[in-house]
Amino acid sequence: SSDVCSSDLARLGVGDDAFSLGGGTRPQDFQLQMQVLAAYLTDPAWRPQPFERMRSYGVTLHDQLASTPGGVFGRDGDKLLHSGDPRWAFPTLAEIQAGKLEDVKSIVGGALANGPIEVVVVGDIDVDTAIAQTAATFGALPPRKGGEAPDAARQVKFPAPTAEAVRLTHRGRPDQAMGFVAWPTTDFPSDPQRARELRMLERVLQLRLIDEVREKEAVTYSPSTDLDTSWEFPGYGYLAASIEAPQDKLPGFFTTVDGIAADLAATPVTADELERAKKPRIEQIRKAQATNEYWLGQLGGAQTDPRRLDAVRQAVSGLEKVTPADVQRAAKTYLKKDKAWRAVVVPEKTQ
């Protein structure tokens, strides 16, 4: 899975499309690593003590999340950005307190026992050793009956546009607030080059926001942008911009974002500005390609979807091909004010 790589011997990860077991070790201990992971898969034990510790921590975690604008949006944002889909909902305190180990076992146990297995090995290990140790562990398990998720499970919708920003509150400092705006885009695999054009649009938007908000308007808080182009959910994706700042700065932020979005759609970016957006992103990818974490994340899912391999091969060259006209077209297509979804997180006492 894309979210598992650590120095721990074994760790469970949960992604949008899979559970994953993973860990990191020294090459000379690779055989033991594979044996341990296979043992966790076939005999997970389901000890109650770790579950009870995490359930007790849930109360503390809720208090922590409620104390900052970013924490509140981290808690509630995913569900809102998926049109209320409960799969992205953070559990309430009541749900945490009512949770049982058997509930976890029923959700995870079936996948561990019967789900198809993909093994990804990265690092300083030769191919023959990887094949041999995989054959001796996961390859020695009985055949599995699990299959693909039903099509209905892959249906996700971006929320409807907001006439007024969705209002959330936090219990922290009164001088802290957050503004967030997102526009629906699309998935990655249906058109990888379009996704790269969107990535460059997102990078240019961030450069413009930093210039406008932090430098020209003298707001010391740095705005941020994000792009989600899903692999797992057809047609789903969004481009977002946000800022954490005092509440009275949020209207100005939204006005600035709207102005930048309109200008990006109306006028091509300069070659210099596009280069300023491209260069750090390409350097980031090339630097990441020297790490095990990058390859573990990129190769997850490639066994059943070879398009992931093409995406890796074209990660840099595809970005290099993006032109100012491509960025403008993406802005015209997706940065539409009447499609935007907005939210604010403000101090609770203002309610």
Open item on the list: Do the side chains of Arg26 and Asp29 get close enough for a salt bridge, i.e. N-O under 4.0 angstrom?
Closed with: yes
- [ ] Would you mind checking if Lys336 and Asp338 are paired as a salt bridge, meaning a charged N to carboxylate O distance below 4.0 Å?
- [x] no
Open item on the list: Between Arg329 and Asp326, does any side-chain N to carboxylate O distance fall below 4.0 Å?
Closed with: yes
Task: Transitive ILVMFWY side-chain link Leu112 to Met34, under 4.5 Å - done: yes
Open item on the list: Please report whether the ring centroid of His82 lies less than 6.0 Å from that of Phe158.
Closed with: no
Task: Identified side-chain hydrogen bond (donor to acceptor under 3.5 Å, both in side chains) counterpart of Arg208 within the set Thr256, Thr225, Asp263 - done: Asp263
Task: Met54 reachable from Ile96 in the ILVMFWY side-chain graph, under 4.5 Å edges - done: no
Task: Ionic contact status for Asp258 with Arg342, cut-off 4.0 Å - done: yes
TODO: Sequence neighbours left out, what passes ring-ring contact (aromatic ring centres under 6.0 Å, His included) with Phe73? Give chain and number order.
DONE: Phe180
Task: Hydrophobic cluster identity match, Leu12 and Leu37, side-chain contacts under 4.5 Å - done: yes
Open item on the list: Using a 6.0 Å cut-off, check whether atom CD of Gln303 has over 12 heavy atoms from anything other than its own residue.
Closed with: no
TODO: Decide ring pair (Phe, Tyr, Trp, His ring centres under 6.0 Å) for Tyr334 and Trp183; before the verdict, give the C-alpha distance in whole Å, the side-chain angles of both, and the deciding distance to 0.1 Å.
DONE: CA-CA 7 Å; Tyr334 297 108; Trp183 302 264; over 10 Å; no
Task: N-O pairing of Glu232 and Arg308 below 4.0 Å - done: yes
Task: Lys/Arg N to Asp/Glu carboxylate O, Asp63 vs Arg171, below 4.0 Å - done: yes
Open item on the list: Using a strict threshold of under 4.0 Å (side-chain N to carboxylate O), is an ion pair present between Lys278 and Glu320?
Closed with: no
Open item on the list: Donor-acceptor pair, distance only, cut-off 3.5 Å: does the side chain of Gln206 make one with the backbone of Glu202?
Closed with: no
Task: Within 6.0 angstrom of Arg87 CZ, more than 12 heavy atoms from elsewhere - done: yes
Open item on the list: Tell me whether the count of non-hydrogen atoms from other residues, nucleotides or ligands lying under 6.0 Å of CD in Gln28 goes above 12.
Closed with: yes
Task: Those residues that, when tested against Phe233, pass ring-ring contact (aromatic ring centres under 6.0 Å, His included) (two or more places apart) - done: Trp88
- [ ] Could you tell me whether the side chain of Thr229 and the main chain of Gly237 form a donor-acceptor pair under 3.5 Å?
- [x] no
- [ ] Spell out, as yes or no, whether a donor-acceptor pair under 3.5 Å connects the side chain of His170 to the backbone of Gly172.
- [x] yes
Open item on the list: Taking atom CG as the centre, does Asp124 end up with more than 12 heavy-atom neighbours from other residues, nucleotides or ligands that are less than 6.0 angstrom away?
Closed with: no
Task: Basic-acidic side-chain contact under 4.0 Å: Arg55, Glu52 - done: yes
